[in-house]
Amino acid sequence: MRRASEHRSGPPEPALRVIMRRLREIMAEPGDGQARLDKIVRQIAGLMVAEVCSIYLKRQDGSLELFATEGLNQTAVHSTRMKRGEGLVGRCAELATPVNEPDAQSHPAFSYRPETGEEVYHSLLAVPILRGGIVLGVIVVQNRTPREYSEDDVEVLETTAMVVAENLASGAVAGARGPDLERPQSDSMAGTPLSSGIALGHVVLHEPRVVVTELLAEDPVTELSRLDLSIDRLRENIDDMLRHDSLAQAGAHREVLEAYRMFANDRGWVRRMRDAVREGLSAGAAVERVHNATRARMLRQNDPFWRERLRDLDDLSDRLQRILAGKLDVAADKLALPEDAILLARNMGPAELLDYDHKRVRALIVEDASAQSHVAIVAKALGIASVGQVSGLTERVTQGDAAIVDGETGEVHLRPQPELVAAYADKVRFLARRQSQYRALRDTPAATKDGVRIRLLMNAGLPVDMPHLDDSGADGIGLFRTELQFMIASAFPRLERQTAAYHQILEAAGDKPVVFRALDIGGDKALPYLRHHKEENPALGWRAIRLALDRPGLLRLQVRAFLRASGGRTLNVMLPMVTEVSEIDRARELIGEELARLAATGHVAPVSVSVGAMVEVPSILFDLEALLTRVDFLSVGSNDLLQFLFAADRTNPRVADRFDPLSVPALRALRRIVEAAVRADRPVTLCGEMAARPLEAMALIGLGFRSISMAPASIGPVKSMILSLDAARIAAVMEGLLAAGKGGSIRESLRAFAEGDSVEI
Ligand code: PEP
Ligand code: MG
């Protein structure tokens, strides 16, 4: 590129400053938006010694329309359109990254448009016009001679693109013919349903992107120190998160934080941002430009490692932007939600969700979450419609966009057309009617057509869940996840607080039974205030009863609180992740000691204490008889049991749903548990997500389960299924299917049975 300073006397002025100054002048000159675009392309062509400079802007259908050109035929303006993804220009827009081609015409993606007269130009550089991560168009330069454009050229064009983006939003360029920025096209994505329900509302970004509005800084020295201070704060912030190592607070895993730290201390990254400020950009604009350029470089690497790191870079740049804009602490925003908020996050921990005023959250979308993740479980408990596994959604949305979330199918519709809104409003009315039918079943006992009574219990974890016990008509609480209260506390709850919390739950349950699960922490459930060591495989690591037995102080305190809270009632407590029977012996010993202590300290004792084990680890399947002599009941944690049986991480979207719970090996394992429990005359419940789905619940009844526990919203649908089922018939069908020795999934056969027998699935 010819440096503009070559034509000036005195100290050289950086090329970028010259361009910025010129662009600012153009914006200030009289004339309409089209005239400004025409001037911009003329200027850039001149400054970059390019024969062609063109601007394409995105239309509602995703096509790119030629809006201004210097060098191509003027008659092509507003008539040439590239379809979404077409040609090198379309490719640049789709990938949101520069395309630098010395010999564009021989590139397989090149799309020749005779009306433009571009056949004589060989080299091409295209950069996206981005605003807040969304592509608004593409700016292109072309030259006759084959050449690769330099990094400087890319920077100049990217800076121009930033100015164009900013002025497009304000309407200062393109004017009335401009792309419909205020009304971007509607868009739909298919994800995975996490929690049922349908919601219409407006998007609230969990960690909103900051849109940089001030691109230029008058005083680079002050701006530089603002940048430096913000980078320092960013580093402190990351160190802080790492020190606390809190998944719940940071919403990110330790490795991610470590990657952040690596980036934040990367000298190249910092130097490039400082250089951009020295050239006249504001600190925010510098962060954005370097972000875009680094992103593009990383996208060019065909290495999955770097692609994975892209997200870290995006997050880190966003974080830095928020610091610069004074918006890092969004705690206040969390409470000031609109009435119809649709929360959208790349990733989110359960505690972060609970920070929001959940009465205003109509739906939740978490790009990375799978159905078994804890944020999904919390969303379900709160009755919030949720969808997961929609990667890239945050890039296609702006804060405040209208959206529809379909927690039944997993679809997300952005900026929906009025017809779709009307159709969904109908669907919502239909669901409300169905809910009221379920409500009408509230007091009907859950018994099959042939008179087999099934206990339908509810999963809970917070006081906010308790009203559902009554309105769902559940027979009791089959799983109370005590760790949720620990996860949202800022310090380890003391004895009095724990006692009061359990007492409150028991009071709210009235005569209905409650099964408390002892702390299930570790793995992906970390407590912000408890030190955790980095583990290669946290799900297989130091968690649940393992941690409790190694730190008996924690378990002892919790057991003491359970006992005190249950004075005069029955206490049911179960232990998670039991791997071998000796763990039960040790836990029972501790419980016995606490019972003795309770009497000695003059507290009212529970009328009885039942101790159960969760069956979640495959090893215990092969020692069930011994286990059953030591416990009063069993509860199958199918979420964990299946992840270990299939060796498929329940939190990894790529594998979480890969293996069907309705497959022969999984069902045989479950049958083994029921049969052993029946032989030993001990009650058994299943409390994983399986129980919540009518088809799966039907299969469980076929295996012999007579007690299942699920999120309250599922009680109605599962009860409907039970009322239309013949238990003896499903048992016979299951028997046949499991004996057939075909292996694999039997889902379709079960579905066919349900249909043939008119079972409401
Ligand atoms: C399970 O593993 O199935 C279970 C109920 O426990 P959690 O989902 O809390 O691990
Ligand atoms: Mg579990």
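Worth saying up front: this structure is predicted, and the values here are computed from it rather than measured. Indexing begins at 1, ligand by ligand and atom by atom, following the structure's order.
- For the pair R481 and ligand 1, the shortest N or O to N or O distance falls below 3.5 Å.
- Summarising the geometry of V609 relative to D632, their closest heavy-atom pair is O-OD2, 3.9 Å, with the distance given to 0.1 Å.
- Side chain of R360 to main chain of L337: a donor-acceptor pair is present (N/O by atom type, distance under 3.5 Å, no hydrogens or angles).
- In this structure, R455 places its CZ atom where only 12 or fewer heavy-atom neighbours from other residues, nucleotides or ligands lie under 6.0 Å away.
- Of all atoms in ligand 1, numbered sequentially from 1 with element shown, those under 4.0 Å from a heavy atom of R650 are 2 (O), 7 (P), 8 (O), 10 (O).
- Scanning both residues, S472 and P712, for their nearest heavy atoms gives CB-O, 3.9 Å.
- Within a radius of less than 2.8 Å around the Mg ion (ligand 2), the protein N, O or S atoms are E616 OE1, D640 OD2.
- Between F480 and F516, the two ring planes are perpendicular [angle over 60°; tilted spans 30° to 60°].
- Using a non-hydrogen distance threshold of 4.0 Å, Q643 does not register as a contact of ligand 1.
- Minimum interatomic distance between E408 and G197 (heavy atoms only, all atoms of both residues): OE2-N, 2.7 Å.
- The side chain of L479, and not its backbone, has at least one atom closer than 4.0 Å to an atom of ligand 1 (non-hydrogen atoms only; side chain from C-beta on).
- Rounding to the nearest 0.5 Å places CD of E696 at 9.5 Å from CE of M698.
- For R517, every heavy-atom contact with ligand 1 shorter than 4.0 Å involves the side chain, none the backbone.
- The minimum heavy-atom distance linking P717 with A713 is given by the pair CD-O, 3.4 Å.
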Criterion salt bridge (Lys or Arg N to Asp or Glu O under 4.0 Å) on E689 and R650, from CA distance to verdict
CA-CA 11 Å; E689 297 306 301; R650 64 191 265 190; over 6 Å; no
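- Close N/O approach between R543 and ligand 1 is not found [any backbone or side-chain N/O within under 3.5 Å].
- Heavy-atom proximity to G688, at under 4.0 Å, picks out these atoms of ligand 1: 3 (O).
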